[in-house]
> 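Right, I'll just put the structure down here and ask away after.
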Amino acid sequence: MSPIQTLRAGAARRVDLVPMTPMEQLRAGHTVRRVTQLLVGLWLYGTAMAMFIRAELGLDPWDVFHYGVQEKVGWSFGTVVVVVGFLVLLLWIPLRQWPGLGTVMNVFVIGIATDVMLAVLETPEALWVRWAFLLGGIAVNGLGGALYIGSQYGPGPRDGLMTGLARRTGLSIRLIRTALEVSVLAVGWLLGGVVGVGTVLYALLIGPAVQAFLPLVTVRVHPPARLGDAGGDAGSAVDGEGEGQDPVDPRPAELAACDGERPA
């Protein structure tokens with residue numbers, strides 16, 4: 001089977017994402033594989049961010065903001081990512097949310113990985129190589145995001161902020177996400193962040209990229225007893241293409257927001 005056929009087959013598979021509390025995530029089994037997959041996914045995500053920066057063709061909205069802050073404070077890009085992630089995580093407190101292992105690791109690992117890979121990669125002179133960095137970065141980002149989400153250790157700080165705001169305000173996930181993304185993009189641009197064709201391509205392609213990889217790497221964990229008692233298998237999984245269903249709405253907000261989105 002070719003790589004394209006493998007991805008298509010994967011996209012049609014059932015994705016078993018289980019809604020769990022942080023303690024349930026730790027007790028769900030397959031610990032070695034899940035922790036390894038979590039760390040690899042976060043490192044790949046940081047690698048992709050470095051590739052976007054070196055491509056110089058535009059960044060995703062949150063990284064436009066990170067870049068703009070970097071221009072003002074003079075810190076390394078990875079340091080800005082860590083500090084912003086920590087500050088966003090503090091906003092979880094009034095929303096009464098508890099971070100999972102993946103949430104906490106997200107704050108630190110992505111920033112460290114970005115700085116390390118920025119030290120390794122240089123900005124290519126040839127335009128076609130910069131395009132390769134951009135498109136390759138989207139693919140790497142999609143794989144890294146799928147590995148991270150598929151480890152089932154909780155949403156990233158930024159996704160958790162989005163789902164928490166949606167739950168507290170009663171507004172839709174799409175509306176809250178759009179408002180956050182537009183806001184950080186606008187502020188980042190005003191601060192000097194890099195907006196370009198890569199910003200648009202990321203918005204269009206990252207969802208399909210994560211969705212293609214996610215069914216292939218999601219770890220099947222043991223659902224908590226409370227879910228089994230409710231008999232709610234339909235709420236803990238989502239079918240891939242071909243079922244004619246919205247891949248976002250059937251699941252709890254914390255998980256639905258991550259599927260096919262930036263796991264940050």
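Predicted, not measured: the structure shown is a model, and the values here were computed from it. Index from 1, following the sequence.
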> Do F86 and I93 sit in one hydrophobic cluster, given that two such residues count as connected whenever their side-chain heavy atoms are within less than 4.5 Å of each other, even indirectly?
yes
> When rounded to the nearest 0.5 angstrom, what distance separates CG in L89 from CG in N106?
9.5 Å
> Restricting to pairs with a member in residues 168-196, which pass ring pair (Phe, Tyr, Trp, His ring centres under 6.0 Å), not counting sequence neighbours?
none
> Hydrophobic clusters here meaning ILVMFWY residues chained together by side-chain heavy-atom distances under 4.5 Å, can you tell me if M162 and L90 are in one?
yes
> Does the side chain of L118 come within less than 4.5 Å of D115's, by heavy atoms?
yes
> To the closest 0.5 Å, what do you measure between CG (L57) and CG (L134)?
5.5 Å
> V83, V73: one ILVMFWY side-chain cluster at the under-4.5 Å cut-off?
yes
> Going by side-chain hydrogen bond (donor to acceptor under 3.5 Å, both in side chains), name the pairs with one or both residues in residues 29-41, residues two or more places apart or in two chains.
none
> If you measure from OG1 on T163 to CH2 on W92, what distance do you get to the nearest 0.5 Å?
6.5 Å
> Taking all heavy atoms of G46 and all of A113, pick out the closest pair and write down the distance.
CA-CB, 4.0 Å
> About how many Å separate CG of L39 and CH2 of W43, when rounded to the nearest 0.5 Å?
10.0 Å
> Do you know which two heavy atoms are closest between L95 and R167, and how far apart they sit?
O-NH2, 4.4 Å
> Heavy atoms only: give me the nearest L42-I110 pair and the separation to one decimal.
O-CG1, 3.7 Å
> Which heavy-atom pair separates P99 from V104 by the least distance, and what is that distance?
CB-CG2, 4.3 Å
> Rounded to the nearest 0.5 Å, how far apart are CG of L204 and OG1 of T199?
11.0 Å
> Check the hydrophobic clustering (I, L, V, M, F, W, Y; side-chain heavy atoms under 4.5 Å; chains of links allowed) and say if W98 and L38 are grouped together.
no
> Within a strict 4.5 Å, meaning less than it, do heavy atoms of the M117 and M49 side chains meet?
no
> Would you call Q97 and T103 a side-chain contact if the rule is heavy atoms closer than 4.5 Å?
no
> For the residue pair F65 and W62, categorise the inter-ring angle as parallel (less than 30°), tilted (30 to 60°) or perpendicular (more than 60°).
perpendicular
> Looking only at non-hydrogen atoms, find the nearest pair between T114 and A50 and report the distance.
O-CB, 4.0 Å
> Using 30° and 60° as the class boundaries, would you call the ring planes of F77 and H66 parallel, tilted or perpendicular?
perpendicular
> So does T123 get a backbone contact from the side chain of E56, meaning a donor-acceptor N/O pair under 3.5 Å?
no
> Please round to the nearest 0.5 Å and tell me the distance separating atom CD1 of I53 and atom OH of Y67.
7.5 Å
> For a 4.5 angstrom cut-off between non-hydrogen side-chain atoms, does R177 reach D159?
yes
> Does any part of the side chain of N141, heavy atoms only, come nearer than 4.5 Å to the side chain of D60, both counted from C-beta?
no
> According to a 4.5 Å side-chain heavy-atom criterion applied to Ile, Leu, Val, Met, Phe, Trp and Tyr, with indirect links allowed, do V182 and L91 form part of one hydrophobic cluster?
no
> Identify, with sequence neighbours excluded, every residue that meets side chain to side chain contact (heavy atoms under 4.5 Å, CB included) alongside V140.
L44, A48, M51
> Just so I know, are the side chains of Y153 and L26 near enough to count as touching, which here means a heavy-atom distance under 4.5 Å?
yes
> So does G156 get a backbone contact from the side chain of Y148, meaning a donor-acceptor N/O pair under 3.5 Å?
yes
> Minimum heavy-atom separation for E71 to L191, with atom names?
CB-O, 4.0 Å
